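Worksheet for the structure shown next.
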Protein chains: 2
Amino acid sequence: MPRSTRQRSAIHNAINHADRPVSPTEILDAAQADVPSLGIATVYRTLKLLETAGEITPVELPGEPPRYEPAGKAHHHHFHCRLCDRVFEVEGCPGAIKDILPKGFTLESHDITLYGLCSDCN
Amino acid sequence: MPRSTRQRSAIHNAINHADRPVSPTEILDAAQADVPSLGIATVYRTLKLLETAGEITPVELPGEPPRYEPAGKAHHHHFHCRLCDRVFEVEGCPGAIKDILPKGFTLESHDITLYGLCSDCN
DNA sequence: GTCGTTGCAAAGCGTTTGCAGCCTA
DNA sequence: TAGGCTGCAAACGCTTTGCAACGAC
């Protein structure tokens, strides 16, 4: 069973208090407000731990380094704003994904990324 | 104006003769059949050149290094096999993407990635 | 006191770049 | 012949790992 340390709660907090998926560097910056000596290696190790424990989910966007968000959200996708570069959650899903699946292939999951302008940038 | 060299045609061929998006390493392996002395640096330099010239398109999948395919194809998406790690083209598109767009947002494009088992691995 | 955890630095890994020699035009 | 092109090796940025000191329990 993992131990409770200042580093880990700081990292956990940084992810849960963000209103959008955050990168390891952003997590480091935010968590260093609580634990100034925190190193990036600890952030990566803790992220792997939290992911294995099912507490966070990696958000992988095409051509982007991974971001992280709290786990347990309903099925959703992401919108990447071309201007401000922020990533937003998008509820729902066009349910016709399997219609385009080639014959002989088995579909297990899917990712959809939307691109354009968010409401702020519009 | 770029010069015509054995290296460049070997790289160009490797991409055009593949029936799926290929990674820089796969391109290197294939092109070395024509030019054994070919180095990975030349592959990367040529890829950038071909992309700028509009002859190839990068295929960016979540959490994956970029792959490349010939440009000019019709709108399509990609299937990533969980076992063999290869990427396949998927024709068509579930046309209801904009139904899930949040209010105030403008949709410019989208990426869909399917995951599962390809016909070979199935 | 144990042993999991941390920070630092070094090592990986894929990609880029500097440089001297090569080759197309 | 000139200047773009290539291969090698070193440099890079991000992520992972080895190791000795630290600290939760």
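Chain A is the first sequence line, chain B the second, and so forth, proteins listed ahead of strands; every chain is numbered from 1. Worth saying up front: this structure is predicted, and the values here are computed from it rather than measured.
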What integer distance in Å separates [X]:[atom1] from [N]:[atom2]?
{"X": "B:Leu49", "N": "D:dG4", "atom1": "CG", "atom2": "P", "value": "13 Å"}
{"X": "B:Glu60", "N": "C:dG14", "atom1": "CD", "atom2": "C1'", "value": "13 Å"}
{"X": "B:Ile40", "N": "D:dA9", "atom1": "CD1", "atom2": "P", "value": "15 Å"}
{"X": "B:Gln32", "N": "D:dG7", "atom1": "CD", "atom2": "C1'", "value": "12 Å"}
{"X": "A:Glu64", "N": "D:dG13", "atom1": "CD", "atom2": "P", "value": "18 Å"}
{"X": "B:Leu38", "N": "D:dC5", "atom1": "CG", "atom2": "C1'", "value": "12 Å"}
{"X": "A:Leu47", "N": "D:dC14", "atom1": "CG", "atom2": "P", "value": "15 Å"}
{"X": "A:Arg8", "N": "D:dC25", "atom1": "CZ", "atom2": "C1'", "value": "13 Å"}

Measure all distances between protein nitrogen or oxygen atoms and nitrogen or oxygen atoms of nucleotides 11-13 of chain C, and list the pairs falling under 3.5 Å.
none

Sub-3.5 Å pairs of nitrogen or oxygen atoms, protein against nucleotides 18-20 of chain C:
{"residue": "C:dG18", "atom": "O6", "partner": "B:Arg45", "partner atom": "NH1", "Å": "3.3"}

Under 4.0 Å between any heavy atoms, over every strand shown, what does B:Pro66 touch: base, sugar-phosphate, or nothing? Just pick one. sugar-phosphate

What contact category does B:Ser4 fall into here, base, sugar-phosphate, or nothing, at under 4.0 angstrom with non-hydrogen atoms? sugar-phosphate

Under 3.5 Å donor-acceptor, [X] side chain and [Y] backbone:
{"X": "B:Gln32", "Y": "B:Asp29", "result": "no"}
{"X": "B:Glu64", "Y": "B:Leu61", "result": "no"}
{"X": "B:His17", "Y": "B:Asn13", "result": "yes"}
{"X": "B:Asp111", "Y": "A:Thr113", "result": "no"}
{"X": "A:His76", "Y": "A:Ala74", "result": "yes"}
{"X": "A:Thr42", "Y": "A:Leu38", "result": "no"}

Centres of the A:Phe105 and B:Phe88 rings: under 6.0 Å? yes

Using 30° and 60° as the class limits, which term best fits the ring planes of B:His110 and B:His75: parallel, tilted or perpendicular? perpendicular

5' precedence on DNA chain D between B:Val35 and B:Arg3 (nearest-nucleotide basis): B:Arg3

Looking at [X], does any N or O in its side chain come under 4.0 Å of the phosphate oxygens OP1/OP2 on [N]?
{"X": "A:Arg6", "N": "D:dG23", "answer": "no"}
{"X": "B:Ser37", "N": "D:dG7", "answer": "yes"}
{"X": "B:Gln7", "N": "D:dG7", "answer": "yes"}
{"X": "A:Thr5", "N": "D:dA24", "answer": "no"}

Salt bridge between B:Arg82 and A:Glu108, side-chain N to carboxylate O under 4.0 Å? yes

With the side chain counted from C-beta on, respond yes when B:Arg67 and B:Val87 share a heavy-atom pair under 4.5 Å apart, and no when they do not. yes

